[in-house]
Amino acid sequence: MAYAQPTPILEVRDLHVEFDTMSGLVQGLRGVSFSVMPGETLALVGESGSGKSVTAQAVMGLIGLPGSIVSGDILWKGQSLLTPEGQKKAASLRGKSLSMVFQDPMTSLNPLMTIGAHLVEVLRRHMKLSKPQAFARGVELLEAVGITEPRRRMAQYPHEFSGGMRQRVMIALAIACEPELLIADEPTTALDVTIQAQVLDLLADLQKSMGLSIVLITHDLGIVAGLCERVAVMYAGSIVEAGSAATVFEQAEHPYTQGLIRSTPRLDDRRDRLVSIEGAPPSLLHPPKGCAFQSRCPVASRQCDTKPARQETPAGGSVSCWTPSLPAWADVAKTTEVHAR
Amino acid sequence: MGTFILRRSLQGFLVVLGVTIVVFVATRMIGDPAQVMLPLSATDAQRAAFEQQFGLDRPLDAQFISFVGDLMRFDFGESLWQRRAALEVVLEKLPKTLELIGVGLLLATVVGIPLGALAAVRPDGLFDRVVVGLSLTGLSVPQFWLGLLLIMVFAVGLGWVPTFGSGSLAHMILPAITLAVPSMARIMMLVRSSVINELNQQYVRTAKARGMPFGRVLFQHAMRNALVPVLTLVGWEVISAWAGYTVVVETVFAWPGLGFTAMKAINHSDLFLLQAIVFVVAVGIVLVNIGLDVLFKLIDPRIKEA
Ligand SMILES: Nc1ncnc2c1ncn2[C@@H]1O[C@H](COP(=O)(O)OP(=O)(O)O)[C@@H](O)[C@H]1O
Ligand SMILES: [Mg+2]
C-alpha cells in the first residue's frame with residue numbers, strides 16, 4: 001500500500017452495511033475501503049444515494065435498526081472499533097476524538113436547549129470541566145467559529161440563529177473537545193452559496209490551526225479542489241476511484257469520475273454547457289452482479305458483467321474498472337446537455 | 001409575561017360571561033324554573049308565589065340584569081335542597097373534588113409518563129407490547145364499571161379498603177385509581193408515540209454523535225421535547241375530569257365532591273345550586289387554560305407572545 005509507513009488515524013476495510021427493510025435487504029455499503037492519515041483531508045464524493053452518509057454513520061457507530069454492519073472492519077489508529085472492546089473504545093472516542101457535523105443545521109440542535117447548554121453539555125462530558133469553566137470555554141468556541149457577541153448568543157435558542165450560524169454552532173460543538181478526526185457530511189449543502197464558502201473557509205482554517213483530519217463528504221466536486229488532499233469517489237455503495245486530489249482531477253481513471261468532473265461547473269470555466277451523466281444509479285435492493293456503473297458507462301463491455309477488482313494506478317491512486325484511463329466520454333452520444341449556471 | 005396573563009384573564013372573563021349567558025338562556029328562556037323546581041302537584045297559586053319570590057315574573061331583560069348583578073357579587077341564590085347559599089355548598093364540596101383530581105391525575109402522570117417513555121425505547125419489544133396492551137385495556141373499560149369492579153374485588157371481596165365515602169387515605173385509593181386509569185392509558189399512549197417520534201429526530205442523532213449516553217439522550221433531549229404535546233393532553237385530562245369524569249367516579253363511590261353534589265342537585269331539581277356549580281366549573285376551566293398557556297411559554301422558547 002502506498003501509505004504503509006505511518007498508521008492511519010482511521011481505516012475502513014471492505015465494509016458492508018445492509019438495511020433490512022420492508023421491501024428487502026438494501027445493500028447500503030458494498031465493500032468500502034479507505035484510510036485517513038493524521039492531519040489529512042479526504043473528500044468522499046458521489047451522487048446522492050451512493051452511501052456517503054451510511055459510511056459516516058458506520059464510522060461514528062450510529063448505524064441503527066434496520067441497518068447493520070455485516071462485514072468488514074473500522075480501525076482507529078490500527079485498533080478495530082467493531083470488537084466488543086473496540087465498541088467501548090468507540091464510545092469513548094465519539095464526540096471527543098472523533099466528531100461529526102451533519103448536513104441539516106436547522107434540525108441538528110435541540111430546540112428547547114440554549115446554544116450554551118449544548119456547548120456546556122459536551123464540554124462537561126468529555127473535558128471534565130466545571131460548569132463555569134465549560135461556559136467560558138463555550139464562549140471562546142463560539143468566538144473561534146466566527147460568532148459575534150458570543151456571551152449573549154450562549155443564552156439564545158436555536159430558532160434565534162440563521163442556518164449558517166447554526167452550522168457554525170454545530171462546528172463549535174464538533175471541535176469543542178479537540179477532536180483528531182472530524183467527519184463533515186455535506187456541511188454546506190443546506191446553506192446559501194455565499195454562506196457555503198464561509199463555512200468551508202472556517203473548516204479549512206480550523207484544520208490548519210488544530211491539525212485535525214477531516215473527511216469531507218459532498219456530492220459537489222466543485223468544493224473539493226481547494227480543501228482536500230485526497231479524494232475517494234463513491235458509486236452505488238463502493239469506492240470506485242481514489243487518489244490525490246490533483247491526479248483525480250487531472251487524470252481521472254474511472255468513467256464515472258470522468259463523468260462527474262465533466263458535469264461540475266468551474267469558476268474558470270470557458271465551456272458554456274455542462275454535460276451530466278445519463279441514467280440513474282442501480283437499485284441497492286438488487287444491485288447488478290458485475291460493475292455497478294456498466295448500465296451508464298459509455299465504454300462498458302462483456303467484461304463488466306464480472307466485478308472489476310481494485311487496482312493501483314500509476315499516479316499512486318486506485319481504481320475499480322476493467323478499462324481504466326480510457327477517455328470514456330469522448331463521444332457525446334450517451335450524454336445529455338445541460339445548461340451551465 | 002404579566003401583560004400576557006392579564007390579556008388571557010380578560011379573555012377568560014369573557015368566556016365565563018358567555019357561559020353565564022348560555023345558562024341564563026337555557027334556564028329562563030328555554031326552560032321554566034318553576035316547572036323544574038316545583039313538584040308536579042303544585043297549584044297555580046304556589047307556582048305564582050314561587051315566581052314572585054325569585055323575581056321570575058319580571059320581564060326577561062330585568063331578570064338578566066339582576067342575574068348578572070348577582071353573579072358579580074357571587075350571589076347564586078339559595079340552594080333549595082340544602083337551604084343555604086348555593087356558593088357556600090359549592091365551596092364546601094370543592095376541596096374534595098380537587099383532592100380527587102389531584103391524586104388521580106398525579107397517579108396517571110407519574111405512572112403513565114415513565115412507562116410510555118420506556119416503551120418507546122424499543123418499539124414493538126416485549127415491554128412495549130405489554131404497555132400498549134395495558135393502555136388499550138384501560139381505554140376500553142367503562143369508568144363506572146371499573147369503579148364497581150374495584151369495589152367488588154378490593155372493598156367487598158378482600159375488605160382492604162372501605163366501599164364508599166371519604167375521610168382517610170384508604171377511602172381515596174379506589175376513586176383515585178378509577179379516575180386515573182383511562183387518563184393514564186391515554187397519557188401512556190401519547191408519551192410513547194411522542195418519544196418514538198423525538199428519538200427519530202436529527203437533534204437526537206447529533207446528541208448521540210457527540211457521545212451523549214442513551215439515558216441523557218432520552219431524558220434530557222427527547223423527553224423534554226416529547227412532553228410538550230403531553231402537557232396539552234394532561235391539561236385536557238384535568239379539564240375533562242373537572243367537568244365530567246369526576247361526576248361518574250364520585251357518584252360510584254359516593255365521594256362528597258362537586259360531581260356527586262351536581263348529581264344530587266339534579267335529583268333535587270335544585271337549579272340554583274346547579275347554576276353555581278356550572279359557574280365554578282367554567283371558571284376552573286378558564287384558570288386551567290391560562291395555567292397551561294403560561295407553562296407552555298415557560299417550557300418552549302419558540303412560542304412568541306401572541
Ligand atoms: N435507514 C435506512 N433504511 C433503509 N435504507 C437506507 C437507510 N439509510 C440509508 N439507506 C440506503 O443506503 C443507501 C445510501 O444512502 P446514503 O448513505 O444516505 O447516501 P448519500 O451518499 O446520499 O449520503 C441509499 O440507497 C439508501 O436508500
Ligand atoms: Mg447523505
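Reminder, nothing fancy here: chain letters follow the sequence lines and each chain counts from 1.
Within 6.0 Å of the CZ atom in Phe13(B), the count of heavy atoms belonging to other residues, nucleotides or ligands does not exceed 12. Heavy atoms of other residues, nucleotides or ligands lying less than 6.0 angstrom from CZ of Arg152(A) number more than 12.
Taking 4.5 Å as the limit, some side-chain heavy atom of Arg125(A) sits within range of a side-chain heavy atom of Pro213(B).
In plain terms, the two heavy atoms of Ile299(B) and Leu112(A) that are nearest each other are O-CD2, 4.0 Å.
Of the possible donor and acceptor atoms, none in the side chain of Arg210(B) sits under 3.5 Å from a partner among the backbone N and O of Leu173(A). Not one N or O on the side chain of Arg302(B) forms a donor-acceptor pair closer than 3.5 Å with the backbone of Pro111(A).
Note that CG of Asp124(B) is 11.5 Å distant from CG of Leu65(A), once rounded to the nearest 0.5 Å. If you take OG1 on Thr206(B) and CG on Leu109(A), they are separated by 6.5 Å, rounding to the nearest 0.5 Å. Annotation: the span from Gln202(B) atom CD to Asp104(A) atom CG amounts to 6.5 Å, rounded to 0.5 Å.
Of the two parts of Val204(B), neither the backbone nor the side chain holds a non-hydrogen atom closer than 4.5 Å to a non-hydrogen atom of chain A. Contact of Met106(A) with chain B is not made at all, since no heavy-atom distance falls under 4.5 Å.
Note on Gln220(B), Arg216(B), Lys208(B), Arg205(B): by heavy-atom pairs under 4.5 Å with chain A, the leading option is Arg216(B). Of all the listed residues (Ala176(A), Cys177(A), Ser108(A)), the one sharing the greatest number of non-hydrogen pairs under 4.5 Å with chain B is Ser108(A). Between chain B and the options Met100(A), Glu160(A), Met60(A), His126(A), the largest number of non-hydrogen pairs under 4.5 Å is found for His126(A). Of the listed residues Met212(B), Gln201(B), Glu198(B), the one with more heavy-atom pairs under 4.5 angstrom with chain A than any other is Met212(B).
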